[in-house]
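For this chain, numbers begin at 1 and follow the sequence in order.
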Amino acid sequence: MKKKYVSILLAAALSAVTLSACGTENSSDTDAGLEISDIGDDGTGSGNPQDAPQTEEDTDGTKNTGEQSDTDVTSGLPNAEEQKNQENPISVTFEETSDEVKGDDGTVIFTSGTQRPVVSIKGAEDIAEKINADLAAYFDTFSYDETLSMAKEDYAASLGEDGWDFIGYSTEISAKVTRMDEAVIAFEITVYDFTGGAHGNYGSIGRNYSAKTGELLAFDEICEDYEAFHATALDYMINLAETPAYKDKLFGPPSKDDLDSVLFTPESWLFTKSGISFLAAPYTLGPYASGEIYFRLPYKKAYDLGLKEDYRYDGNFVDERGYIYKYDPETFEPVVDGTPDCYFDLDGDGTEEGLAFYGQVVDPETGSSRYAFYIDGKDYGDVIDDELQNIKDNGYLEDTYALYHADAPDGGVPAIAVLFTEFGDGLESDGSQIRHPRSFIFGYTKEQGLYYMYWDEGFVTLP
């Protein structure tokens with residue numbers, strides 16, 4: 001778990017933030033054996049008002065912010081108990097392995113880690129077994145041998161007369177679920193290598209399976225007319241590349257051939273809860289500082305282009321986002337000007353609001369911090385800060401927030417979820433510190449601006 005008191009001044013050095021026009025799905029920490037399911041499936045139920053004094057529980061178990069609203073923004077929202085009772089027959093756990101190689105003097109030369117998903121489907125164990133067999137075979141194709149050999153050679157060289165301080169090399173393979181329903185089970189698999197230098201290198205691929213057959217899906221079989229789908233989707237990506245959100249991340253305007261060769265390979269796409277994402281690893285279309293760049297084709301557009309009925313998505317819309325980290329190239333001071341990097345219809349009126357979430361912005365002179373969250377140019381960071389007061393004493397923010405539709409597809413309330421982890425006393429079974437992930441839910445109307453609705457245990461970004 002990365003520490004989340006991250007200064008905007010240090011963020012570029014700590015992690016590469018992946019941003020797109022409402023299309024980022026960043027990596028998140030996952031415990032070994034963590035079951036991915038609906039919020040509340042851990043049995044904890046709704047948030048405890050003693051732990052988070054910004055809410056109170058009414059006698060019916062629902063949350064009450066203590067403030068009256070002229071609109072009933074929470075009616076129809078599923079509470080934690082309802083979600084807990086909506087059992088999902090599909091679940092995913094993660095098997096984790098790790099190893100390290102030391103020199104004769106005890107120096108750690110190389111570390112490796114693997115996080116492999118294991119699928120379970122109640123009533124369709126044969127399909128789950130087929131998916132797991134394919135995943136196991138795919139993970140077996142990864143080899144640490146080349147990096148380990150390089151690490152041993154460089155370590156031996158560092159002991160010579162002209163030696164240097166050796167930093168251990170490493171390879172990590174991680175995975176996360178990006179969509180999981182009765183139609184599709186999709187994973188984003190990320191490989192990270194550190195072989196010395198200022199930073200490591202990484203890239204991700206998509207692994208998409210039919211939940212009905214267990215077959216690995218190819219891009220050319222998910223649409224009615226592949227040639228037309230491909231051509232029109234590529235044109236859509238060219239237009240995305242011209243938007244301000246992408247211009248800041250790309251080396252320059254990419255050609256159609258560049259985008260086609262990077263985004264439309266067999267493993268560069270994946271189903272998510274917000275659309276079909278196409279992945280561009282660092283250095284392919286933009287510098288390392290831009291991180292992995294995600295080009296998203298919204299489901300609505302995909303339906304228009306002929307996405308087959310078998311792969312349509314009817315669940316809650318979730319669009320995980322990273323914080324914005326922009327710097328003045330001359331002074332290296334953070335640029336917090338509210339320029340949108342994402343557009344989304346927050347109040348359901350048919351027009352999209354421009355969003356820019358900077359996370360915690362630290363004043364380098366005073367050390368004081370604040371949130372900066374702009375909607376159509378107005379900063380609502382104080383609204384978030386008021387509800388997350390306990391982060392100042394004992395809390396970490398995840399490095400993403402999420403736009404999500406609280407009750408799709410039946411209307412519901414478009415909402416913003418800020419993901420927050422509070423650490424508790426004691427240790428988990430794997431030795432890590434006990435932590436309490438929570439989602440703080442905010443709504444928005446032009447009349448009220450951004451307003452707090454409720455909080456709940458768990459992260460809404462988990463399927």
Over 60° means perpendicular and under 30° means parallel, so classify the ring planes of Phe373 and Phe357, tilted if in between.
tilted

Ile189 and Arg207, any side-chain heavy atoms less than 4.5 Å apart
yes

Would Thr243 and Lys247 count as a side chain to side chain contact (heavy atoms under 4.5 Å, CB included) here? Give the steps.
CA-CA 6 Å; Thr243 62; Lys247 285 184 176 180; over 6 Å; no

Given salt bridge (charged side-chain N to carboxylate O under 4.0 Å, His left out), test Arg116 with Asp140 step by step and report yes or no.
CA-CA 10 Å; Arg116 181 169 66 87; Asp140 286 344; over 6 Å; no

Apply the test salt bridge (charged side-chain N to carboxylate O under 4.0 Å, His left out) to residues Lys446 and Asp347: give CA-CA distance (whole Å), side-chain angles for both, the deciding distance (0.1 Å), then the verdict.
CA-CA 8 Å; Lys446 288 182 173 59; Asp347 53 7; 3.2 Å; yes

Would you say CD of Glu182 has more than 12 non-hydrogen atoms from neighbouring residues, nucleotides or ligands within 6.0 angstrom?
no

Checking side chain to side chain donor-acceptor pair (under 3.5 Å) against His230, which of Asp260, Asp220, Asp235 comes through?
Asp260

Looking at Glu221 and Lys308, is any side-chain nitrogen of the basic one under 4.0 Å from a carboxylate oxygen of the acidic one?
no

Is a donor on one side and an acceptor on the other found under 3.5 Å between the side chain of Tyr236 and the backbone of Pro298?
no

Between Lys130 and Leu135, is there a side-chain heavy-atom distance shorter than 4.5 Å?
no

The test is side chain to side chain contact (heavy atoms under 4.5 Å, CB included); show your working for Val460 and Ile441 and say whether it passes.
CA-CA 9 Å; Val460 296; Ile441 313 301; 4.2 Å; yes

Using 30° and 60° as the class boundaries, would you call the ring planes of Phe187 and Tyr209 parallel, tilted or perpendicular?
perpendicular

Would Phe219 and Phe264 satisfy side chain to side chain contact (heavy atoms under 4.5 Å, CB included), going step by step from the backbone distance to the final call?
CA-CA 8 Å; Phe219 187 68; Phe264 290 87; 3.9 Å; yes

How long is the straight-line distance from CG of Leu285 back to CG of Leu259, given to the nearest 0.5 Å?
6.0 Å

Does the plane of the ring in Tyr288 sit parallel, tilted or perpendicular to the ring in Tyr283? Use 30° and 60° as the thresholds.
tilted

Check the side chains of Thr339 and Asp337 for a donor-acceptor pair under 3.5 angstrom, ignoring hydrogens and angles.
yes

Would you say the side chains of Asp154 and Tyr169 form a donor-acceptor pair under 3.5 Å?
yes

Could you walk me through whether Ile375 and Lys378 satisfy the side chain to side chain contact (heavy atoms under 4.5 Å, CB included) test, starting with their C-alpha distance in whole Å, then the side-chain angles of each, then the deciding distance to 0.1 Å, before giving a yes or no?
CA-CA 5 Å; Ile375 301 176; Lys378 182 176 180 179; 5.9 Å; no

Under 6.0 Å from the six-membered ring centre of Tyr246 and within 45° of its axis: does the NZ or CZ of Lys249 meet both?
yes

Does Ile167 have more than 12 heavy atoms from other residues, nucleotides or ligands lying within 6.0 Å of its CD1?
no

Is there a side-chain contact between Phe271 and Tyr311 (heavy atoms, below 4.5 Å)?
yes

Residues Phe442, Tyr452; criterion ring pair (Phe, Tyr, Trp, His ring centres under 6.0 Å); working and verdict:
CA-CA 4 Å; Phe442 298 82; Tyr452 172 71; 5.6 Å; yes

Pairing of Asp181 and Arg179 as salt bridge, 4.0 angstrom limit
yes

For a 4.5 angstrom cut-off between non-hydrogen side-chain atoms, does Gln115 reach Thr97?
no

Among Tyr299, Phe344, Tyr404, which one satisfies ring-ring contact (aromatic ring centres under 6.0 Å, His included) with Phe317?
Phe344

Give a yes-or-no answer on whether the side chains of Glu215 and Ser210 include a donor-acceptor pair shorter than 3.5 Å.
no

Tell me whether Glu96 contacts the main-chain N or O of Phe94 through its side chain, where contact means a donor paired with an acceptor under 3.5 Å.
no

Sub-4.5 Å side-chain heavy-atom contact between Ile276 and Ile222
yes

Is there side-chain contact between Tyr313 and Lys273, with at least one heavy-atom pair below 4.5 Å?
yes

Check: Arg435 main-chain N/O paired with Glu422 side-chain donor or acceptor under 3.5 Å:
no

Please check if atom CD in Glu224 has more than 12 non-hydrogen atoms from other residues, nucleotides or ligands closer than 6.0 Å.
yes

Between the CD atom in Glu172 and the CZ atom in Phe142, the distance rounded to the nearest 0.5 Å is 13.5 Å

pair Thr272-Tyr294: side-chain heavy atoms closer than 4.5 Å:
no

Using a cut-off of 6.0 Å, state whether more than 12 heavy atoms not belonging to Glu129 lie near its atom CD.
no

Within the 3.5 Å criterion, strictly below it, is a donor on Asp345 or Tyr444 matched to an acceptor on the partner's side chain?
no

If we ignore angles and hydrogens, is there a donor and acceptor under 3.5 Å between the side chains of Asp193 and Thr195?
no

